Amino acid sequence: MMKHGICFLIVLCGLILLPGLGRQVMEREQELRVVLTAHDMVETGRWMVPHYQNQLRLKKPPLMYWVVAAAFKMSGTVQSPFAARLPNVMLTTLLFGVIYWASRTLLRDSRAAPLAVLLASASFIVQRYARLAETDIAQALFVTLACTAVFKALTGDKPARWWLLAGLFSGTGFMFKGPASLVMPLLAAVALMLSRRLFRRPSGMKWKALLLFLPAFALIALPWYAALEIMPATDDLADNAVESELQALIEHDGTGHPAPFHYYVLRAPVSMFPWGLLIFPAAWLFWRNRREGDGIVFLFGWLLSSLILLSLLYNKQQHYMLLLLPASAIMTAALLLPWIDREGGRLVRFIEGYFALLLLVVALLAAAGLSAAFFMDQLPLLTMLAAGAVLALLAAAGWRLFRGNRRTGVLIVVWAAMQVTVCLYIFVLHPVHRPETVIPEFAREADRLLATDQPVYLVGRKRGTFEFYANRHTRFRRGVAADEVWAQMPPGAALVSIRKPKKHAATDEIKIPPALEYHRGRICCRLFVKPAAVDQSSASSL
């Protein structure tokens, strides 16, 4: 019966990611790289050598491209955001199951494991990135598998089997995203072995079978790179692409996403909301109890070594914190158990106050939902009132459970409130908050108006978004005024301009009215078609 309940919890946490999966506009460059590369694979059959917008894409391993391309093939369309993102939802569901297994393995506590799944599925960072066709969830899944297998290899029976599995998991994670899948499990293992020496405890570590790890890793990670080396057209390009990607992570060249060393520490409360602030007392609790078991030491070393590694990198982004999610969720779940058991102490009182604050936030969200539609005409009144009423009921139920010391119920209320808020954003607030949602409708209508082989030139921004929804390639001109592109275009070609309205001065110099125009907030989309009768004998070809 218990196993059925756990399976239901994991499946439920995966199913909550499906509503509205295709509604959010596909605009992030990281997601478009995956989706348009997969689109190219389906369209051209170039599965071995990825191409993104007609350029070789060798900076990242290809496994996520293959997964999304397979989803396109099975769905029969390359224009479905739902089909592109569904594999990531499935990988996230697997991640929840692996977090449960890792928690049971490391803490040997049957109650902390489902609690860790509940916390992970409620996290803002999971709700944000599990709904995108990106690579970070997949890497977090296989890093968690590899780390747990490494722990089993060091402390359990049959170390050779677990080192072999750890290498296979690490290699698969590498083929999704890159080197972190190799480095992080080994750093966690080193942290555990060093702790044994530091605390003068008998080693007892079964590390000699580590020699199986690297061959197993190479078996998964190297064949694709070896194939590129054999191909004369890609050998040097692959080496240069990988080298430039590694340099971007560590070199201070002023590009990319630089941030200070403490970036991830400051971002943790937001990324792991609603329980993000609890990571810090959880880490302190594990450090205080570091002598009580290898699992506690391993979890602390896993989180700390991963945090230091990510913080040392020059290039920092919020979605990299998904690699910290599994260990953080497990440690926070262990922190909450004394509170659920109604034990005393300052730490328990802090958790009590923290959840009281979260229930207050739910009440404020309910008030905002009930009142926002009266002040913002673009919001649907009945939908906002219904969402506000649901949040108000959850807040009332949460306070009643809180006063009755039913703390598991309080956790479930906070979890449910997070799901309602996310659905409210996706279905109601997203079109208002993100004016880029006008691009899909514009792109589909533009594709309907244009001939299949008609050349299309694009100026402005959001090239990838237009190409995905219009299902056609464009000739992109960066930093060139629209009137200059117009003067050089051949007769019958089309010009797409996607800009902020105040930057349309150059476009306005085109002497014909747009064939199609969409405008929303700070995004203005226009389509111009050059008449075929215009004499362009002196025009240069782009």
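Quick caveat, the model's predicted, so the values are computed rather than measured.
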Can [X] and [Y] be counted as an ion pair, charged N to O under 4.0 angstrom?
{"X": "R128", "Y": "D136", "answer": "no"}
{"X": "E445", "Y": "R448", "answer": "yes"}
{"X": "R522", "Y": "E436", "answer": "yes"}
{"X": "E27", "Y": "R434", "answer": "yes"}

Next on the checklist: If the condition is salt bridge (Lys or Arg N to Asp or Glu O under 4.0 Å), which residues does R131 pass it with, not counting sequence neighbours?
Outcome noted: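 Here no residue qualifies.
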
Measure from the side-chain N and O atoms of [X] to the backbone N and O of [Y], and report whether any donor-acceptor pair falls under 3.5 Å.
{"X": "S306", "Y": "L303", "answer": "no"}
{"X": "S80", "Y": "T77", "answer": "no"}
{"X": "Q139", "Y": "G173", "answer": "no"}
{"X": "R526", "Y": "I498", "answer": "no"}
{"X": "S121", "Y": "L118", "answer": "yes"}
{"X": "S328", "Y": "L324", "answer": "yes"}
{"X": "Q378", "Y": "V432", "answer": "no"}
{"X": "K316", "Y": "A259", "answer": "yes"}
{"X": "Y264", "Y": "Q317", "answer": "yes"}
{"X": "D109", "Y": "R111", "answer": "yes"}

Would you tell me whether [X] and [Y] have side-chain atoms, one donor and one acceptor, within less than 3.5 Å of each other?
{"X": "Y65", "Y": "R57", "result": "yes"}
{"X": "W275", "Y": "S123", "result": "yes"}
{"X": "R475", "Y": "Y457", "result": "yes"}

Item to check | S110/R104 under side-chain hydrogen bond (donor to acceptor under 3.5 Å, both in side chains): CA gap, chis, key distance, verdict | outcome: CA-CA 6 Å; S110 59; R104 288 291 300 265; 5.4 Å; no

Item to check | Criterion side-chain contact (heavy atoms from CB on, under 4.5 Å) on F273 and V270, from CA distance to verdict | outcome: CA-CA 5 Å; F273 183 85; V270 177; 5.7 Å; no

Just verifying a value: how many Å separate [X] [atom1] and [Y] [atom2], rounded to the nearest 0.5 Å?
{"X": "L527", "Y": "D447", "atom1": "CG", "atom2": "CG", "result": "10.5 Å"}
{"X": "L32", "Y": "T465", "atom1": "CG", "atom2": "OG1", "result": "4.5 Å"}
{"X": "R520", "Y": "C525", "atom1": "CZ", "atom2": "SG", "result": "9.5 Å"}
{"X": "L132", "Y": "L21", "atom1": "CG", "atom2": "CG", "result": "9.0 Å"}
{"X": "L91", "Y": "F176", "atom1": "CG", "atom2": "CZ", "result": "5.5 Å"}
{"X": "L411", "Y": "R406", "atom1": "CG", "atom2": "CZ", "result": "14.5 Å"}

Checklist entry - T135 pairs by side chain to side chain contact (heavy atoms under 4.5 Å, CB included) with which of R33, K177, E31? => result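 Option passing the side chain to side chain contact (heavy atoms under 4.5 Å, CB included) with T135: K177.
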
Checklist entry - H473 vs H39 aromatic rings, parallel, tilted or perpendicular, using cut-offs 30° and 60°? => result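 The rings of H473 and H39 lie parallel, inter-plane angle below 30°.
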
Item to check | Aromatic plane relationship, W339 with F355 - under 30° parallel, 30 to 60° tilted, over 60° perpendicular | outcome: parallel

Next on the checklist: Could you tell me if the side chain of Q318 sits less than 4.5 Å from the side chain of F124, heavy atoms only?
Outcome noted: yes

